[in-house]
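In what follows, chains are A, B, ... by sequence order, proteins preceding strands, each numbered from 1. These numbers were taken from a predicted model, which means no experiment stands behind them.
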Protein chains: 2
Amino acid sequence: MSLTNATPIEVAQAARTGSRRLAVLSTEERNAALTAIHQALADGKDEVLAANRKDLEAANKAAEGGTLSQSLVKRLDLGKKGKYEDMLQGILDVRQLEDPINKTTARTLLDDNLILSRLTCPIGVLLIIFEARPEVIANISALAIKSGNAAILKGGKESSHSFAAIASIISTALSTTTVPSDCLQLVQTHDVIADLLRLDQYIDLCIPRGGNKLVRYVKDSTSIPVLGHADGICTTYLCADYPVEKATKIIVDAKVSYPAGCNALEQLLVDESALSINLPQIAEALLQKGVSLRCDPKSHTALKDKLDPHSAALLQPSSDTDFDTEFLDLTLAIKTVSSLEEAITHINAHSSHHTDAILTLNEPTANAFLAAIDSSSVYWNTSTRMADGQRYGFGTEVGISTNKIHSRGPVGLEGLTIYKWTIAGDAQVSAEYGAGGKQWKHERLPADDADVARNAEERELLRRFREGGMKNGNQVP
Amino acid sequence: MSLTNATPIEVAQAARTGSRRLAVLSTEERNAALTAIHQALADGKDEVLAANRKDLEAANKAAEGGTLSQSLVKRLDLGKKGKYEDMLQGILDVRQLEDPINKTTARTLLDDNLILSRLTCPIGVLLIIFEARPEVIANISALAIKSGNAAILKGGKESSHSFAAIASIISTALSTTTVPSDCLQLVQTHDVIADLLRLDQYIDLCIPRGGNKLVRYVKDSTSIPVLGHADGICTTYLCADYPVEKATKIIVDAKVSYPAGCNALEQLLVDESALSINLPQIAEALLQKGVSLRCDPKSHTALKDKLDPHSAALLQPSSDTDFDTEFLDLTLAIKTVSSLEEAITHINAHSSHHTDAILTLNEPTANAFLAAIDSSSVYWNTSTRMADGQRYGFGTEVGISTNKIHSRGPVGLEGLTIYKWTIAGDAQVSAEYGAGGKQWKHERLPADDADVARNAEERELLRRFREGGMKNGNQVP
């Protein structure tokens, strides 16, 4: 890792050069680098926490002065019980994941002795822009190395001491491995984000990890593809046939278990026929958990009639903007709909295409909902809070994407890969095929047995290439 | 199809609304629309060709006046022998391809009665900007409908009469099907491209089909993801061990069979040890085909010594810019390299990451090349001209992408799809899992048997949704 004050273009070029060499390292070499980073960060805990305390002191002062929020101070704190150990464990978790690159995912026999293969490979250079959490640096470094990508990391100024300490430790650790240190670039220079976002000739993918404002700024400022989501306005549609105990359990979990999460519930659509059947009990449970309910006129009327006066007095009327708002706290907007069609139309118009759910016992209704909702995750009878890479079994999560291309929903290591097409032939040429010529066979072959044999001679060639690449580093764009 | 003078925002909103309804149509309904379009265009051939002649007359005048190139006039001509029939056949070819959407591509048992599925689905709204070829309108319409995507098409003004005729015929044909006519929007209004490129809230993917200048303009002008490639600077690296007859066959095909193609060879890297062994015979064959050879000093010297004086006199010295140039005609730049490492470094620095090849009998050398070259297609012992969706067995081709995310290389129908995650559960919630709670099972299930059952009741619901969607059309963003 280079902890650098270099110019953005120097940083990006160095990462590019490093990425070429990282891309051809073996699984074992990349895993060995994660082992070294893990060990070094375990050994350097005191040093990192000392640096982290400097950041915390400054942050606490800023918080007292009102220029920084208390929640940000909390996020900064690496000394909180178990947090440092979780960061270390995360590196080992990534190490033990299946290698996502150099996998043959499709093979076609084009003609005799002419085989087309699709081979997974790294994307190249990632730009990660993040806010306060200093543990992200270890997490992202592990993900990048595991997937064979170089990464440029730019963090918030609030955690600069922590970053410097972690970067220095990782840098020393990497120097004992075959992973080129240029593959991880920690940018310390101020005010370089706008410049980095212009370097689309060197940077292949940008991943902003932070709030809505950061993500929107990044999306509006670059022609580099951006992976992420700006908002998490998640909706659940409640049908009258769904048992009230189950509905209550799901809706309370979705709203209350972590209201600041992007997968937390922000809107409840209630079928008209459910207003008096199961909404009152659900509303009562939410009010007991301290949730503010912003009700449209129909649900407001229905609940007022059914709730006890104390609860009824807590109800608030909804405004139109409530149905386009990510509350991120204990607030829920409730809207009455008269049909599945109306629910689908409302969700496709007002959700942020993150995660939406239906609660019903009717399978055809559920399938129609799952087919028609245009969101990255669509659920039947479970909580929107399920949208998470860990829960999906990805082992770790790069982030959650509401993009319509590449990766959608919780993004695991696979989202940091692309593929290349290879053909191995025996001097067949394009002009031999077609009208009057040879015919294509286009026979699908199994991809599983297609692992490319890598013998000692090839390893030696790759090693020499990497050494040559280091010497010729400046020539590689 | 709407042939429209509406504002860009009206066009985009209508396409968005249409896309929601198209996305839930069955395979049979989408195929039936292709059948109807095919039949209508077959019946309307005279009408379309009459309109096309008007465009041709205007284009010929412009060509005489020097404001239009003859090659563009040729591309406009739909009356050329077999061209109209090819266009019609293309629609049937797309129709018979496997449906790319509603396929379950992964399933995981998260816990008992809690199943995660990954389901392919349309991207949403495509913006296709193309230059002269009027047949693209039929081709893209077929691809969009087949993959469940709405499309906004904006063509060059040179083919406006042809477009109007084709659009009117397709529009009439679609009105007899269940595909909403708003799903295809042909924009006639002038000077709207810049406005359309700003509508990233409605348009999900932009595909420019045209020259380098168009693609660069589009990439630089939008935050909508762009699928395509600006340049095709393809390279072949020749090793001394490769038989000269095979090498000649491959290199002549790559350079000569279609020099204007993006997959045509532009640079030949020759291993120093091959300069006197097999380069002279290859150079002689290329010169006989009329290829201009731009040689670096070493290859120039080697060839001068070996070629007869008449051929030697045709050799030209290369300049540095030749190795960053897409010639698109019968010109080839030749550079001497001293090692595999140098070849890899040169290609990664100077190719356009489209298609590059190595010619060698040495398998470890080839595998090292295939692993290290960062291009969308990388070949061993075949011609760069193989890079083509038809040749890869995709049936048809949306275009060739040098992007590092989503789709790379020749893009088939699959490139017009994304996926959504669905979970079907029984009131399990997030807070039940984790430390001290229930454990995730994360058991991979076979995806093949996971086709979603669609019964009569569900079809009826979908039908009602589509009708509701039409009535509520204006509300859908």
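For the options A/E443, A/M386, A/R385, heavy-atom pairs under 4.5 Å to chain B are most numerous at A/M386. Of the residues considered (B/G409, B/S223, B/A424), B/A424 shows the highest number of contacts with chain A, using heavy-atom pairs under 4.5 Å. The candidate from A/I418, A/T108, A/T382, A/D426 with the greatest count of non-hydrogen atom pairs under 4.5 Å with chain B is A/I418. For chain A, the option among B/R408, B/Q428, B/K246 with the highest count of heavy-atom pairs below 4.5 Å is B/R408. Of the listed residues B/L359, B/T417, B/D253, B/I250, the one with more heavy-atom pairs under 4.5 angstrom with chain A than any other is B/D253. Of all the listed residues (A/A254, A/S407, A/S221), the one sharing the greatest number of non-hydrogen pairs under 4.5 Å with chain B is A/S407. Note: A/Y392 leads A/Y433, A/Y379, A/Y392 in heavy-atom pairs under 4.5 Å with chain B.
Interatomic distance, A/S383 OG to B/E432 CD, rounded to the nearest 0.5 Å: 9.5 Å. Atom CG in B/D204 sits 9.5 Å away from atom CD1 in A/I405 (nearest 0.5 Å). Here the CZ atom belonging to B/F369 is positioned 11.5 Å from the OG1 atom belonging to A/T422, to the nearest 0.5 angstrom. Rounding to the nearest 0.5 angstrom, the gap separating the CZ atom in B/R391 from the CG atom in A/L114 is 11.5 Å. Considering NZ of B/K420 and CG of A/L370, their distance stands at 7.0 Å, rounded to 0.5 Å. To the nearest 0.5 angstrom, B/N348 atom CG is 8.5 Å from A/S19 atom OG.
Contacts of A/H442 with chain B are made by side-chain atoms alone, with heavy-atom separations under 4.5 Å and no backbone atom involved. Heavy atoms of A/S377 lying under 4.5 Å from chain B belong to its backbone as well as its side chain. Contacts between A/Y258 and chain B at a heavy-atom distance below 4.5 Å are absent for every atom of the residue. Residue contact with chain A, scored on non-hydrogen atoms closer than 4.5 Å, involves the backbone and the side chain of B/A431 alike. Looking at A/K219, only its backbone comes within 4.5 Å of chain B, counting heavy atoms on both sides. Only the side chain of A/L110 comes within less than 4.5 Å of a heavy atom in chain B; its backbone stays farther off. For a residue to count as touching a neighbouring chain, one of its non-hydrogen atoms must lie under 4.5 Å from one of that chain's; by this rule A/S376 touches chain B with the backbone only.
Put simply, the side chain of B/K404 gets close to the backbone of A/I123: a donor and an acceptor are under 3.5 Å apart.
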